[in-house]
Amino acid sequence: MQFEGIYTPLVTPYHDDFSLNENALRSVVDFLVEAGVHGIIVAGTTGEYYAQDMPERIGMMQKVQDLVAGRVPLIVGTGAIRTEDCVTYAKAASDLGADAILVATPPYAYPTDREIALHCLAIDRAANLPVMLYNYPGRMSVNMGEECLDRLGRSPNFCAIKESSGDPNRLHMLARDYPHIGLSCGMDDQALEFFAWGARSWVCAGSNFAPEAHIALYRACVIEGDFTKGRAIMSAMMPLMRVLEQGGKFIQCIKHGLNTRGIDAGPPRKPLQPLNKDEKRELEEVIRTMNTAIAAIEGV
């Protein structure tokens with residue numbers, strides 16, 4: 001599978017009692033597909049998978065698969081601490097007909113490169129689907145190092161990596177030494193650099209509520225090869241990226257961003273708390289300013 005374009009890690013909309021808001025979920029999926037995103041990821045961090053039990057997660061996978069209905073590829077996150085749980089999610093993804101799975105290093109356990117590779121290979125065997133690896137040491141405390149990547153070369157299913165380390169040296173190493181693993185941007189404020197180094201996909205939570213802006217940057221850099229235009233769009237997006245990444249309110253900002261599009265994404269599950277009025281106002285102003293700037297760049 002070739003990962004090309006904008007892949008949105010879907011939020012999980014909740015009612016105030018934290019039950020799933022199925023109407024809002026349908027609205028989000030339809031909004032994203034109609035906006036032109038290239039794929040949807042369910043059970044990622046943005047979807048608050050860590051706050052869901054196993055039946056909820058598997059039920060959510062099935063609901064999103066039904067809602068997507070083959071209109072775009074569906075990628076299912078398998079993240080968990082225990083390899084056995086990840087295998088269960090991978091099997092569920094295969095059974096429901098997902099197009100690919102997302103495989104991360106297990107949090108908290110702090111495994112070695114060899115242990116990460118064995119973990120990933122066990123998940124791969126369970127699903128036998130295309131795999132996008134997910135390297136995020138900021139949350140998992142460990143990198144998928146070169147020994148790990150070399151070991152994973154024994155399976156052709158490992159065809160992409162969402163790189164979220166923020167380390168430019170990792171970006172260069174992956175582009176240079178692992179060209180068979182498709183490079184996917186997982187660090188929003190480095191999207192321009194990723195595209196310059198050959199990435200052809202971007203997993204971006206902000207595309208839940210601002211798919212047009214993210215698609216515009218992808219189109220300028222990857223489709224048109226116009227990095228002058230890409231720099232202008234990236235410059236317009238940087239204030240939003242700073243708001244999303246600072247202050248520990250990432251998921252809350254994504255959910256409120258959807259609220260500004262008329263879709264009630266509801267509160268985050270505890271221990272997270274919703275944005276306060278000032279934080280909402282700041283986010284709304286940043287979004288308005290970004291949209292105005294990109295519209296001017298695009299000549300809309």
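Note that the coordinates shown come from a computational prediction; the quantities given were computed from them, not determined experimentally.
Judged by distance alone, with hydrogens and angles left aside, the side-chain atoms of Tyr50 form no donor-acceptor pair with the main-chain N or O of Gly47 at under 3.5 Å. Using a distance-only test at 3.5 Å, with no hydrogens or angles considered, a donor-acceptor pair links the side chain of Thr78 to the main chain of Leu102. Looking at Ser141, its side chain never comes within 3.5 Å of a backbone N or O of Pro137 through a donor-acceptor pair. Put simply, the side chain of Ser94 never gets that close to the backbone of Ala90: no donor and acceptor are under 3.5 Å apart. Listed for the Ser164 side chain is a donor-acceptor partner under 3.5 Å among the backbone atoms of Gly186. Judged purely by atom type and a 3.5 angstrom limit, Ser19 has no side-chain atom pairing as donor or acceptor with the backbone of His15. Without hydrogens or angle criteria, Glu56 side chain to Asp53 main chain gives a donor-acceptor distance under 3.5 Å. The closest donor-acceptor contact from the side chain of Asn208 to the backbone of Ala205 lies under 3.5 Å. Although no hydrogens or angles enter the test, the distance criterion places a donor-acceptor pair under 3.5 Å between the side chain of Arg71 and the main chain of Leu67. Not one N or O on the side chain of Glu284 forms a donor-acceptor pair closer than 3.5 Å with the backbone of Arg281.
Atoms SG and NZ, on Cys86 and Lys91 in that order, are 12.5 Å from each other to the nearest 0.5 Å. From Met132, atom CE reaches atom CD1 of Ile181 across 11.5 Å, with rounding to the nearest 0.5 Å. Met61 contributes atom CE, which lies 11.0 Å from atom CG of Asp95 (distance to the nearest 0.5 angstrom). Note: Met187 CE to Cys204 SG = 13.5 Å, rounded to the nearest 0.5 Å. In this structure, Leu171 CG and Glu163 CD are separated by 7.5 Å, a value rounded to the nearest 0.5 Å. Here CD1 of Ile254 is found 11.5 Å from CG of Leu10. Values are rounded to the nearest 0.5 Å.
A single hydrophobic cluster is seen to contain both Leu272 and Leu258, as judged by linkage of ILVMFWY side chains at heavy-atom distances under 4.5 Å, directly or through other members. Under the 4.5 Å side-chain heavy-atom criterion for grouping Ile, Leu, Val, Met, Phe, Trp and Tyr, Val131 is not connected to Leu118 through any hydrophobic cluster. Linking Ile, Leu, Val, Met, Phe, Trp and Tyr whenever their side-chain heavy atoms come within less than 4.5 Å puts Ile297 and Met241 in one cluster. By the rule that hydrophobic residues join a cluster once side-chain heavy atoms approach within less than 4.5 Å of another member, Leu25 and Phe18 end up as members of separate clusters. Tracing side-chain contacts under 4.5 Å through hydrophobic residues (I, L, V, M, F, W, Y), one never reaches Ile101 starting from Ile81; they form parts of separate clusters.
Residue-environment remark: CZ (Arg269) exceeds the threshold of 12 foreign heavy atoms within 6.0 Å. The environment of NZ in Lys229 is crowded: more than 12 heavy-atom neighbours from other residues, nucleotides or ligands sit within 6.0 Å.
Taking the ring centre of Tyr89 as origin, the terminal cationic atom of Arg57 falls inside the region bounded by 6.0 Å and 45° from the ring axis.
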Item to complete: Apply the test side-chain contact (heavy atoms from CB on, under 4.5 Å) to residues Tyr178 and Glu146: give CA-CA distance (whole Å), side-chain angles for both, the deciding distance (0.1 Å), then the verdict.
Response: CA-CA 9 Å; Tyr178 296 91; Glu146 293 175 66; 3.5 Å; yes
Item to complete: Test side chain to side chain donor-acceptor pair (under 3.5 Å) on Thr46 and Glu48 and set out the steps.
Response: CA-CA 5 Å; Thr46 308; Glu48 301 175 78; over 6 Å; no
Discussion item. Apply salt bridge (Lys or Arg N to Asp or Glu O under 4.0 Å) to residues Arg114 and Glu147 and explain how you reach the verdict.
Written reply: CA-CA 7 Å; Arg114 175 179 175 274; Glu147 179 187 348; over 6 Å; no
Worksheet item: Which is it for Arg125 and Val87 under the side-chain contact (heavy atoms from CB on, under 4.5 Å) test, yes or no, and what are the steps along the way?
Response: CA-CA 9 Å; Arg125 285 193 299 272; Val87 165; over 6 Å; no
Fill in: Residues Thr8, Ile41; criterion side-chain contact (heavy atoms from CB on, under 4.5 Å); working and verdict
CA-CA 6 Å; Thr8 303; Ile41 299 173; over 6 Å; no
Worksheet item: Passes side-chain contact (heavy atoms from CB on, under 4.5 Å), Met144 versus Cys120? Steps please.
Response: CA-CA 10 Å; Met144 291 178 172; Cys120 294; 4.2 Å; yes
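Contact check for Leu283 versus Ile287: side-chain heavy atoms found under the 4.5 Å cut-off. Side-chain contact between Val68 and Val29 is present, with heavy atoms from C-beta onward closer than 4.5 Å. By the 4.5 Å heavy-atom criterion applied to side chains, His119 and Ile123 are counted as neighbours. The closest side-chain heavy-atom distance from Asp124 to Val103 is not below 4.5 Å. For the pair Tyr14/Lys255, a side-chain contact is recorded, criterion being any heavy-atom separation below 4.5 Å from C-beta on. Arg219 places none of its side-chain heavy atoms less than 4.5 Å from the side chain of Asp226. Residues Arg200 and Phe3 form no side-chain contact, since every pair of their non-hydrogen atoms from C-beta on lies 4.5 Å or further apart. Taking 4.5 Å as the limit, some side-chain heavy atom of Leu174 sits within range of a side-chain heavy atom of Ile161.
Ala210 approaches Arg261 most closely through the heavy-atom pair CA-NH1, 4.4 Å. Contact detail for Arg231 and Leu192: the closest heavy-atom pair is CG-CD2, 3.3 Å. Leu152 and Phe158 get closest at one heavy-atom pair: O-CD1, 3.4 Å. In terms of heavy atoms, Met1 sits closest to Cys159 at O-SG, 3.6 Å. Tyr7 approaches Ile40 most closely through the heavy-atom pair CD2-N, 4.5 Å. Across all their heavy atoms, Asn259 and Gly266 have their closest contact at OD1-N, 4.3 Å.
Aromatic ring centres of Phe209 and His256 lie farther apart than the 6.0 Å criterion allows.
Asn291 and Arg288 share no donor-acceptor pair across their side chains, judged by distance under 3.5 Å alone. For the 3.5 Å distance criterion, the side chains of Thr88 and Glu84 fail to qualify, holding no donor opposite an acceptor. Side-chain N/O atoms of Thr12 and Gln52 include a donor and acceptor closer than 3.5 Å.
In this pair, Trp202 and His214 present their aromatic rings tilted. The plane angle is within the 30 to 60° band.
Salt-bridge formation is not detected for the pair Arg151/Glu115: no Lys NZ or Arg NE/NH1/NH2 atom is positioned less than 4.0 Å from an Asp or Glu carboxylate oxygen. At a threshold of 4.0 Å, the pair Lys249-Glu279 counts as salt-bridged, since one of the basic side-chain nitrogens sits closer than that to a carboxylate oxygen.
Checked options Asp167, Thr105, Asn135, Asp113; the residue passing with Asn143 is Asn135 (criterion: side-chain contact (heavy atoms from CB on, under 4.5 Å)).
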